[in-house]
Amino acid sequence: QVQLVESGGGLVQAGGSLRLSCAASGRTFSSNAMGWFRQAPGKEREFVAAMYWSNGNTYIADSVRGRFTISRSNAKNTVYLQMNSLKPEDTAVYYCTSDLTNLNGGSYYYTRFWLSWGQGTQVTVSS
């Protein structure tokens, strides 16, 4: 079991930046990937970004490509989400996730293939 703790959320004006962090503890040696999802009020949780540990490949949602970047620490137990040029529509609770049950195709895009989840951190972008 992996425990995930997010931090770095807050209130920012449109056009501003935030960096989210997710610290993993527990059985991190078996983790194969980490990612970020977000959920706005009244909407389903949606994919934002993911990184595979084996090859370092990253995947970014179309809605945030060019503005958000996912990265990790060398110790592989912390993943970051750098968010630039934030827009009001980026307002949501951001969740960190780890351990994909399926590394094939675009499984990273779907919540059902991820095993561990953090509690989430609120990001609010004012216009």
Side-chain angles (χ1 to χ4, degrees):
Q1 188 73 17
V2 176
Q3 291 79 45
L4 303 171
V5 178
E6 304 99 334
S7 61
L11 173 65
V12 64
Q13 289 188 334
S17 298
L18 283 174
R19 189 176 84 154
L20 305 183
S21 300
C22 175
S25 61
R27 295 175 62 87
T28 57
F29 61 88
S30 62
S31 177
N32 56 15
M34 290 183 74
W36 291 93
F37 281 70
R38 67 185 182 185
Q39 188 166 17
K43 295 187 177 181
E44 293 188 353
R45 194 169 296 188
E46 66 173 5
F47 170 75
V48 176
M51 174 178 276
Y52 284 12
W53 293 154
S54 60
N55 54 20
N57 283 357
T58 60
Y59 305 93
I60 305 292
D62 290 343
S63 59
V64 303
R65 184 172 293 117
R67 301 188 296 122
F68 290 13
T69 304
I70 187 170
S71 63
R72 68 183 182 189
S73 69
N74 290 335
K76 208 184 80 169
N77 61 350
T78 302
V79 67
Y80 306 97
L81 185 68
Q82 178 66 44
M83 306 185 296
N84 299 327
S85 301
L86 282 161
K87 304 176 181 180
E89 50 263 43
D90 295 318
T91 295
V93 177
Y94 283 71
Y95 296 92
C96 177
T97 186
S98 73
D99 303 321
L100 273 170
T101 60
N102 184 342
L103 291 174
N104 298 321
S107 60
Y108 57 83
Y109 195 84
Y110 303 97
T111 59
R112 65 181 181 271
F113 291 116
W114 294 91
L115 286 179
S116 301
W117 292 87
Q119 293 300 306
T121 184
Q122 177 70 47
V123 171
T124 303
V125 184
S126 63
S127 58

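Side-chain heavy atoms closer than 4.5 Å link hydrophobic residues (I, L, V, M, F, W, Y) into clusters, and following such links, even through other members, never connects Val79 to Val5.
Taking every heavy atom of both residues into account, Leu86 and Leu18 meet most closely at CD1-N, 3.9 Å. The heavy-atom pair separating Val125 from Asp90 by the smallest distance is CG2-CB, 4.3 Å. Across every non-hydrogen atom of Ser98 and Met34, the tightest pair is CB-CG, 3.7 Å. The heavy-atom pair separating Ser17 from Ser85 by the smallest distance is OG-N, 4.3 Å. Across all their heavy atoms, Ser71 and Met51 have their closest contact at CA-CE, 3.9 Å. Taking all atoms of both residues into account, the shortest heavy-atom contact from Ala40 to Thr91 is CB-O, 3.7 Å.
At least one cation-pi condition fails for Arg45 and Phe37: the charged atom is not both under 6.0 angstrom from the six-membered ring centre and inside a 45 degree cone around its axis.
Applying the side chain to side chain donor-acceptor pair (under 3.5 Å) criterion to Asp62, with sequence neighbours excluded, gives Arg65. Judged as a side chain to side chain donor-acceptor pair (under 3.5 Å), and not counting sequence neighbours, Glu89 has no contacts. Residues satisfying the side chain to side chain donor-acceptor pair (under 3.5 Å) test with Thr124, not counting sequence neighbours, are Gln122. Listed by chain and residue number, nothing satisfies the side chain to side chain donor-acceptor pair (under 3.5 Å) test with Tyr95 (two or more places apart in sequence, or in another chain).
Among residues at least two apart or in separate chains, there is no salt bridge (Lys or Arg N to Asp or Glu O under 4.0 Å) pair with a member in residues 48-57. Within the structure, every pair that satisfies the disulfide (SG to SG under 2.5 Å) test and touches residues 83-127, not counting sequence neighbours, is listed here: Cys22-Cys96.
In this structure, the ring of Tyr59 has its center less than 6.0 angstrom from the ring center of Tyr52. Phe113 and Tyr108 have their aromatic ring centers separated by at least 6.0 angstrom.
A distance of 6.0 Å separates CG in Leu81 from CH2 in Trp36, rounded to the nearest 0.5 Å. Taking CE of Met83 as the reference point, atom OH of Tyr94 lies at 5.5 Å (rounded to 0.5 Å). Distance check: Ser54 OG to Asn32 CG gives 8.0 Å after rounding to the nearest 0.5 Å. Considering OG1 of Thr69 and CZ of Arg19, their distance stands at 11.5 Å, rounded to 0.5 Å.
Looking at heavy atoms from C-beta onward, Val123 lies out of side-chain contact with Val93 at the 4.5 angstrom threshold. The shortest side-chain heavy-atom distance between Asn84 and Phe68 does not fall under the 4.5 Å cut-off.
Judged by distance alone, with hydrogens and angles left aside, the side-chain atoms of Gln13 form no donor-acceptor pair with the main-chain N or O of Ser127 at under 3.5 Å. Side-chain atoms of Asp99 do not come within 3.5 Å of backbone N or O of Leu115 as any donor-acceptor pair.
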- Query: Going through the distances and angles, do Leu4 and Trp117 end up as a side-chain contact (heavy atoms from CB on, under 4.5 Å)?
  - Reply: CA-CA 6 Å; Leu4 303 171; Trp117 292 87; 5.5 Å; no
- Task: Check step by step if side-chain contact (heavy atoms from CB on, under 4.5 Å) holds for Tyr80 and Ile70.
- Result: CA-CA 6 Å; Tyr80 306 97; Ile70 187 170; over 6 Å; no
- Using the side chain to side chain donor-acceptor pair (under 3.5 Å) rule, take Ser31 and Trp53 through it: C-alpha gap first, then chi angles, then the decisive distance, then the call. CA-CA 8 Å; Ser31 177; Trp53 293 154; 3.3 Å; yes
- Message: Please evaluate residues Val2 and Ser25 with respect to the criterion side-chain contact (heavy atoms from CB on, under 4.5 Å), reporting the C-alpha separation (whole Å), side-chain torsions for both, the decisive distance (0.1 Å), and the verdict.
- Response: CA-CA 6 Å; Val2 176; Ser25 61; over 6 Å; no
- Take Arg38 and Glu46, measure what side-chain contact (heavy atoms from CB on, under 4.5 Å) needs, and give me the verdict at the end. CA-CA 5 Å; Arg38 67 185 182 185; Glu46 66 173 5; 2.6 Å; yes
